[in-house]
Amino acid sequence: MSRILRACCALLLGLLLLGGPAQAGPVDWQEVPATSEGQQWWDQGSLRLNKSGNLTVLSRFQPPTPEADADGKEPRPPASSLYVMELDCGQGLYRDTSINGLPQWGSQWQASANDGLIEATIEAVCTAGGELLAGS
């Protein structure tokens with residue numbers, strides 16, 4: 001087993017032993033306007049300024065619930081996903097540094113590409129983080 005793989009396994013084991021989400025503080029979800037793509041929230045309590053001078057925030061995405069089937073049976077809502085986003089507010093760019101708790105090493109900066117949920121999240125988070133950005 002390579003050293004990198006062993007280090008990653010040790011890190012994951014350490015995080016699991018620390019208690020994971022049970023030790024996290026309360027979240028303060030702020031919803032952005034829903035679109036046909038689904039719903040998105042960002043956590044006001046997780047808003048931070050990182051060493052690079054960018055904002056980071058926890059966000060949650062929920063795809064839309066499918067329509068009822070031909071028998072009228074209501075489908076189960078799809079699972080939501082958690083993201084840690086890094087935002088470059090000056091350029092309006094974002095990158096996901098973690099998805100569902102898994103680090104996204106080397107993630108690339110992206111534009112919102114006309115995704116209304118991402119655009120609204122960037123705008124809301126950058127507005128809320130204005131004081132943090134001004135102090136950097």
Side-chain angles (χ1 to χ4, degrees):
M1 189 184 300
S2 74
R3 278 194 269 179
I4 294 173
L5 186 56
R6 280 186 283 200
C8 288
C9 288
L11 177 63
L12 284 173
L13 182 60
L15 291 173
L16 290 172
L17 293 175
L18 287 175
Q23 294 192 5
V27 293
D28 183 9
W29 291 119
Q30 306 294 312
E31 185 174 6
V32 299
T35 70
S36 61
E37 299 298 317
Q39 295 174 273
Q40 187 144 343
W41 299 262
W42 60 277
D43 174 27
Q44 177 101 30
S46 71
L47 188 56
R48 302 280 185 275
L49 189 66
N50 69 10
K51 293 183 279 185
S52 302
N54 295 316
L55 295 175
T56 63
V57 70
L58 176 66
S59 68
R60 180 170 57 116
F61 170 70
Q62 174 76 48
T65 301
E67 299 293 322
D69 62 17
D71 296 332
K73 181 179 176 188
E74 289 296 321
R76 173 185 285 174
S80 62
S81 297
L82 293 174
Y83 297 83
V84 175
M85 300 174 74
E86 181 177 1
L87 305 174
D88 180 333
C89 294
Q91 297 186 62
L93 301 175
Y94 78 98
R95 63 180 169 183
D96 297 324
T97 59
S98 173
I99 301 175
N100 291 326
L102 299 174
Q104 302 297 301
W105 308 116
S107 61
Q108 301 297 308
W109 289 103
Q110 302 177 59
S112 64
N114 295 318
D115 181 321
L117 292 173
I118 301 246
E119 288 175 353
T121 302
I122 292 172
E123 182 179 331
V125 171
C126 290
T127 298
E131 288 184 26
L132 290 172
L133 291 168
S136 65

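FYI, side chains are in, hydrogens and waters are out, and symmetry mates aren't considered; it's all heavy atoms of this structure.
Looking at D96, its side chain never comes within 3.5 Å of a backbone N or O of M85 through a donor-acceptor pair.
In this model, a donor atom of one side chain and an acceptor atom of the other lie less than 3.5 Å apart for Q39 and E31.
No more than 12 heavy atoms of other residues, nucleotides or ligands lie within 6.0 Å of CD in E123, so this atom counts as exposed by the packing criterion.
When all heavy atoms of S46 and V57 are compared, the pair lying nearest together is OG-CG2, 3.5 Å. Smallest separation of non-hydrogen atoms from P33 and L117: O-CD2, 3.5 Å. Closest non-hydrogen pair, S36 versus P64, comes out as O-CG, 3.5 Å. Nearest heavy-atom pair, T65 versus P78, reported as atom, atom and distance to 0.1 Å: CA-CD, 3.9 Å.
Scanning for side chain to side chain contact (heavy atoms under 4.5 Å, CB included) contacts around N50 gives S52, N54, T56, E86, with sequence neighbours left out. Listed by chain and residue number, nothing satisfies the side-chain hydrogen bond (donor to acceptor under 3.5 Å, both in side chains) test with Q108 (two or more places apart in sequence, or in another chain). In this structure D115 satisfies the side-chain hydrogen bond (donor to acceptor under 3.5 Å, both in side chains) test with no other residue, sequence neighbours excluded. Residues satisfying the side-chain hydrogen bond (donor to acceptor under 3.5 Å, both in side chains) criterion with S112, sequence neighbours excluded, are E119. Residues forming a side chain to side chain contact (heavy atoms under 4.5 Å, CB included) with S80 (at least two apart in sequence, or on another chain): R60, Q62.
Follow the hydrophobic side-chain contacts under 4.5 Å out from L133 and you reach I122 in the same cluster. When hydrophobic clusters are built by joining Ile, Leu, Val, Met, Phe, Trp and Tyr residues whose side-chain heavy atoms come closer than 4.5 Å, directly or via intermediates, F61 is not grouped with L58. Hydrophobic clustering places V27 together with V84 (ILVMFWY residues linked when any side-chain heavy atoms are closer than 4.5 Å, directly or through intermediates).
Distance check, rounded to the nearest 0.5 Å: CH2 of W42 to OG1 of T121 gives 9.0 Å. In this structure, Q40 CD and I118 CD1 are separated by 5.5 Å, a value rounded to the nearest 0.5 Å. In this structure, CD on Q104 lies 4.0 Å from CD1 on I99, to the nearest 0.5 angstrom. Atoms CG and CG, on L82 and L102 in that order, are 11.0 Å from each other to the nearest 0.5 Å. Atom-to-atom distance recorded for Q30:CD and S59:OG is 13.0 Å, nearest 0.5 angstrom.
Within the structure, disulfide bond (SG atoms under 2.5 Å apart) contacts touching residues 94-136 (residues at least two apart or in different chains) are C89-C126.
Contact annotation: the side chain of P77 never approaches that of P63 to less than 4.5 Å [non-hydrogen atoms, C-beta and beyond]. Counting heavy atoms from C-beta on, the side chains of V125 and L47 come closer than 4.5 Å. Inter-residue side-chain proximity for L49 and L55 is flagged as met; some heavy-atom pair is nearer than 4.5 Å.
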Check: Stepwise, does the side chain to side chain contact (heavy atoms under 4.5 Å, CB included) test hold for Y94 with D88?
Finding: CA-CA 6 Å; Y94 78 98; D88 180 333; over 6 Å; no

Margin query: Using the rule given for side chain to side chain contact (heavy atoms under 4.5 Å, CB included), can you reason through N100 versus S81, listing the C-alpha separation, both sets of side-chain angles and the distance that settles it, and then say yes or no?
Written below: CA-CA 6 Å; N100 291 326; S81 297; 3.7 Å; yes

